[in-house]
Amino acid sequence: MKKYKRIVIANNGSVDVLNTVEEAIPEPKSGQVRVKVLAAGIGYADIMAQHGGYPLAPKLPFTPGYDFVGIVDHVSSDAVGVEKGQYVAALNPEFGCYSEYVCVPPELLLPVPEELDPAKVVSLILNYLTAHSILHKKGQLKSGEKVLIHAAAGGVGTALLQLGGLLELEMYGTASATKHSTVCEYGGIPIDYKNQDFLEYIRNEVPDGVDAAFDPIGGPNLRRSYKTVRKGGRVISYGFAGDNFGGMKQMAFGVLQMAALNFWPDGKRVTLCATPGEIKKDNAWYRETLAELISMLAAGQINPVIGARVPLLEVKRAHQMLEQGKVAGKVVLVCES
């Protein structure tokens, strides 16, 4: 019996709760496709889920991971649209991608040119879909507008910088001083959030306020982001991580906070961007946008920043890197060379 490995979180806590299990390779259910994973992405939602602070995570025990790239290994008799041996990419809104094999419905799978680096492609999926949604679907940004990007050297942050650069936006990005070169490389003006007050900085540099601010932190940071935006501008929130890895209370507070800010009579709008939920609601947008991003990668228009490539079985080290903010860009788990 052929076996495979996947990462399972059975309890919440430090990286020690990330355990490897070995079991029989799963058989796809009716209407599913089995994919041999080449690369899986790590996002901050996975870090929060590890600590028990991500309300959208499955019930314990579960396998984390939203995005993967791989090769179709088996197709059930009633699954259509993909073929065995095809290179594919997907965002699985149910988690489960820290694994050597995954079974998913074919409507989540997008074809990938074989010549593309799987780590580069997987870096597109959650991060660039989120950035694209923030800029186009939620923010409706136009050329020349001014924006504030928090965590600008991170996975979503660098995606926002690259896609925002194509829109010719004027971009200000918060990041630690060691990552300012990354922010500058992709057209952003860096703000050292550890030693500079970003609200004071924006008020000095853009007295009328930026047109939009993008905030993955929530809480007091979201309120201060709101103050950087001009009257009639917009704030897009895409997370409530805070300083303690989130949690249901923090998410509930964030939703109430957004409602309260939207009640304020200054014309500003606060909008939530939750990519996994968007995919569940709008598969057509997901397929069209991810296909566009893959084409842009193939054409050299975008180039995802990969902070580290880490073997799947060294997932603890990978989570530590992201949690401690040691790398810029995306941390990728590699299942096969």
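All figures in this text were calculated on a predicted structure; none of them were measured in a lab.
In this structure the side chain of M321 never reaches within 4.5 angstrom of the side chain of I42, judged on heavy atoms. Proximity of V35 to L109: side-chain heavy atoms (C-beta onward) are separated by under 4.5 Å at one or more points. Put simply, the side chain of L110 reaches to within 4.5 Å of the side chain of Y286, judged on heavy atoms. No side-chain heavy atom of R234 sits under 4.5 Å from any side-chain heavy atom of V229. Contact of the F68 side chain with the V104 side chain is registered, since non-hydrogen atoms from C-beta on lie closer than 4.5 Å. Using a 4.5 Å heavy-atom threshold, the side chains of L163 and H136 count as separate. Within the 4.5 Å cutoff, the side chain of C273 has heavy atoms near those of the T275 side chain. Counting heavy atoms from C-beta outward, Y87 and L38 have side chains that approach closer than 4.5 Å.
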- prompt: Are H319 and D46 close enough, and set up right, to give a side chain to side chain contact (heavy atoms under 4.5 Å, CB included), and what steps lead you there?
  reply: CA-CA 8 Å; H319 267 226; D46 301 302; 4.1 Å; yes
task: Go through Q86 and V75 one step at a time and tell me if the side chain to side chain contact (heavy atoms under 4.5 Å, CB included) criterion holds.
output: CA-CA 11 Å; Q86 189 174 14; V75 181; over 6 Å; no
task: Would you check, one step at a time, whether the test side chain to side chain contact (heavy atoms under 4.5 Å, CB included) holds for V310 with V315?
output: CA-CA 7 Å; V310 181; V315 63; over 6 Å; no
field: Residues M296, L166; criterion side chain to side chain contact (heavy atoms under 4.5 Å, CB included); working and verdict
entry: CA-CA 11 Å; M296 292 171 72; L166 294 175; 3.4 Å; yes
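Applying the 6.0 Å contact sphere to CD of E288 captures no more than 12 heavy atoms from other residues, nucleotides or ligands. In this structure, E83 places its CD atom where only 12 or fewer heavy-atom neighbours from other residues, nucleotides or ligands lie under 6.0 Å away. Remark: E168 CD is loosely packed, at most 12 non-hydrogen atoms of other residues, nucleotides or ligands lying under 6.0 Å away.
A donor-acceptor pair under 3.5 Å is absent between the side-chain atoms of K231 and the main chain of G267, judged by distance alone. Q162 places a side-chain N or O within 3.5 Å of a backbone atom of N303 that can act as its donor or acceptor partner. In this structure a side-chain-to-backbone donor-acceptor pair under 3.5 Å is missing from D211 to V147. The backbone N or O of T174 lies less than 3.5 Å from no partner atom in the side chain of K179, so there is not a single donor-acceptor pair. A donor-acceptor contact shorter than 3.5 Å links the side chain of Q50 to the backbone of G13. For T130 (side chain) and L126 (main-chain N/O), a donor-acceptor pair under 3.5 Å exists by modelled atom type. In this structure a side-chain-to-backbone donor-acceptor pair under 3.5 Å is missing from R34 to K29. A donor-acceptor contact shorter than 3.5 Å links the side chain of D67 to the backbone of G41. Distance alone, capped at 3.5 Å, places no donor-acceptor pair between the N204 side chain and the Y201 backbone. For T63 (side chain) and Y98 (main-chain N/O), no donor-acceptor pair under 3.5 Å exists by modelled atom type.
Atom CG of N127 and atom CG of L124 lie 9.0 Å apart (nearest 0.5 Å). For the atom pair OG1 of T289 and CZ of R287, the computed distance is 11.5 Å after rounding to the nearest 0.5 Å. The distance from the CZ atom of R230 to the OG1 atom of T228 is 11.5 Å, given to the nearest 0.5 Å. Between the SG atom in C97 and the CG atom in L312 there is a gap of 11.5 Å [rounded to 0.5 Å]. In this structure, CG in L91 is found 7.0 Å from CD1 in I125, a value given to the nearest 0.5 Å. Note: I191 CD1 to E205 CD = 8.5 Å, rounded to the nearest 0.5 Å.
Across all non-hydrogen atoms, the minimal contact from Y54 to A49 is CB-N, 3.6 Å. For the residue pair I294 and P111, the shortest heavy atom distance occurs at CD1-O, 3.9 Å. Residues G31 and D78 approach most closely at N-OD1, 2.7 Å, considering heavy atoms. The shortest non-hydrogen separation linking S176 to H180 is O-CD2, 3.1 Å. Shortest non-hydrogen contact noted between V17 and N11 is CB-O, 3.2 Å. Among all heavy-atom pairs drawn from P311 and L333, the shortest one is O-CD2, 4.0 Å.
Placement of Y193 and L322 in two distinct hydrophobic clusters is found when ILVMFWY residues are connected by side-chain heavy-atom separations under 4.5 Å, directly or transitively. In terms of hydrophobic clustering, with Ile, Leu, Val, Met, Phe, Trp and Tyr side chains grouped at heavy-atom distances under 4.5 Å, V80 and L108 are assigned to different clusters. A continuous path of hydrophobic side-chain contacts links V15 to Y44 [ILVMFWY only; heavy atoms under 4.5 Å]. A single hydrophobic cluster is seen to contain both V82 and I279, as judged by linkage of ILVMFWY side chains at heavy-atom distances under 4.5 Å, directly or through other members. Connection of W264 to L272 is established within a shared hydrophobic cluster, with ILVMFWY side chains joined at heavy-atom distances below 4.5 Å, either directly or through further cluster members.
The side chain to side chain contact (heavy atoms under 4.5 Å, CB included) test with H150 is passed by exactly one of F214, Y172, F198, Y238: F198.
A salt bridge links E94 with K280; the closest basic N to acidic carboxylate O contact falls under 4.0 Å. Ion pairing between a basic and an acidic side chain is recognised when a charged N comes within 4.0 Å of a carboxylate O; R224 and D197 show such pairing.
With 3.5 Å as the limit, one finds a donor-acceptor pair spanning the side chains of D266 and Y226. E22 and Y4 form no side-chain donor-acceptor contact under 3.5 Å, judged by distance and modelled atom types alone.
Sorted by first and then second residue, the side-chain hydrogen bond (donor to acceptor under 3.5 Å, both in side chains) pairs involving residues 101-115 (not counting sequence neighbours) form an empty list.
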